[in-house]
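Structure, as structure tokens:
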Amino acid sequence: MAGHQRISTANDQRENGRQQVFEAIRQAGRIARIDIARETQVSPATVTAITSELLSAGLIEEITPEGDRTGAKRGRPRVALKVRGAAHLIAGIKISDRSATVILVDFEGQTVGEYDHELPGPVMSPEEMVSLVMRALAGACNAAGRDISEVSGVGLGIAGLIDATRNFVHWSPSLDQRNVELGRMLSDAMPVPFYMDNDANLVAKAEQLFGEARNVSDFIVITIEQGVGMGIVIDGRIYRGERGCGAEFGHTKVQLDGALCRCGQRGCLEAYVGDYALLREANIRGSAQPEDDLSALYARAKAGDAMARSIFDRAGRMFAMGLANVINIFDPSLVILSGEQMTFDFLYGSDVLDRVKSSVVQVDAPLPEIRVHKWGDLMWAKGAAACAMEGVSELTIRNLGADAA
Ligand SMILES: [Zn+2]
């Protein structure tokens with residue numbers, strides 16, 4: 001926000017132009033210069049100047065029309081531009097309670113390699129997390145036949161309250177300490193730009209770039225895994241709040257003095273619908289063999305086991321109340337329910353959706369669309385890579401300006 005106090009200079013305008021043009025190329029996949037000018041409102045002469053800078057920096061490349069099957073139009077073929085994949089190697093890492101999932105992508109977003117690194121346990125010290133990230137990165141590079149020194153940027157997604165503007169972890173269920181300068185520790189271990197975010201924001205980013213929310217400017221993503229997360233996109237940008245602690249849907253209260261949550265407070269939505277909450281309920285009776293398999297519990301509910309059913313029914317009702325509250329506050333055009341647990345339909349079954357509808361403020365206009373998107377840790381890692389890709393693009397283009405000045 002410091003930017004608005006400065007008077008914008010010709011250099012700033014040129015840099016904004018570069019960022020805009022590059023972003024237009026990335027979004028389009030392949031695009032001709034004249035179409036960039038039309039979409040960005042930057043003059044054709046400036047587009048030509050900027051694209052030749054980007055070309056000589058190796059960030060983009062020209063495509064011959066013969067090779068461009070999608071752009072086959074009658075008339076004189078136009079040369080298209082695209083991001084040059086080989087320009088940068090980017091890593092995205094998602095840390096869940098079971099594993100660190102790594103995806104390596106080129107600068108175009110094409111997958112170069114995938115890797116899964118199993119965790120010894122769900123909670124670790126900050127030092128252990130740094131060494132875990134380094135091991136997972138090395139493993140991924142090794143498996144893809146690349147050297148770790150080739151990586152130009154790393155995106156990291158972890159659960160919790162993350163201040164993405166300064167790579168600071170207020171609190172994470174994966175760490176045994178609060179207030180961790182994780183970004184600084186990681187940069188000390190590996191001198192490349194690190195970009196961190198709450199994993200729900202990364203899913204929102206991935207939905208926006210590759211998923212269900214392409215060309216949607218106002219939408220909400222709700223992620224359900226161990227915990228419940230939310231990513232809010234307003235006018236095409238992720239809304240983060242002042243301290244980077246916004247959108248904590250999982251810790252909105254649905255019951256006064258209710259069930260105990262991992263965050264230490266009571267009555268949070270997550271304490272009723274998160275994986276751990278469902279298993280905790282299932283184990284309340286005590287047994288020689290504690291229930292630790294959510295799929296098995298769900299199968300029992302489906303088969304008519306009354307206790308198992310009551311666990312999922314309550315979770316569904318609590319979730320419906322939370323979702324209706326979100327719609328009442330934001331009135332988004334689209335809500336995406338996203339995550340692995342989406343394989344269990346108790347959170348989006350017709351009775352849950354009916355309950356949401358009856359709790360949303362009634363007007364003579366259709367309700368926001370609710371879409372279900374099931375995906376695994378790999379797509380979360382892809383969201384992390386997407387964040388790093390954006391960050392590295394911005395940085396590279398800024399440096400381009402500094403070199404030119
Ligand atoms: Zn909580």
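In each ligand, atom 1 is the first atom listed, and ligand 1 is the first ligand listed. Heavy atoms only: backbone and side chains are in, while hydrogens, waters and symmetry mates are out.
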Restricting to under 2.8 Å, identify the protein N, O or S atoms around the Zn ion (ligand 1) as residue plus atom.
H251 ND1, C261 SG, C263 SG, C268 SG
Residues D188 and R184 bridged, charged N to O under 4.0 Å:
yes
Salt bridge K82-E61, side-chain N to carboxylate O under 4.0 Å:
yes
Side chains of S217 and D235 only: does a donor on one sit below 3.5 Å from an acceptor on the other?
no
With distance as the sole test, does Y195 use its side chain to make a donor-acceptor pair with the main-chain N or O of G391 at under 3.5 Å?
yes
Who passes side chain to side chain donor-acceptor pair (under 3.5 Å) against S393, sequence neighbours left out?
R26
Salt-bridged, R371 to E207, with N to O below 4.0 Å?
no
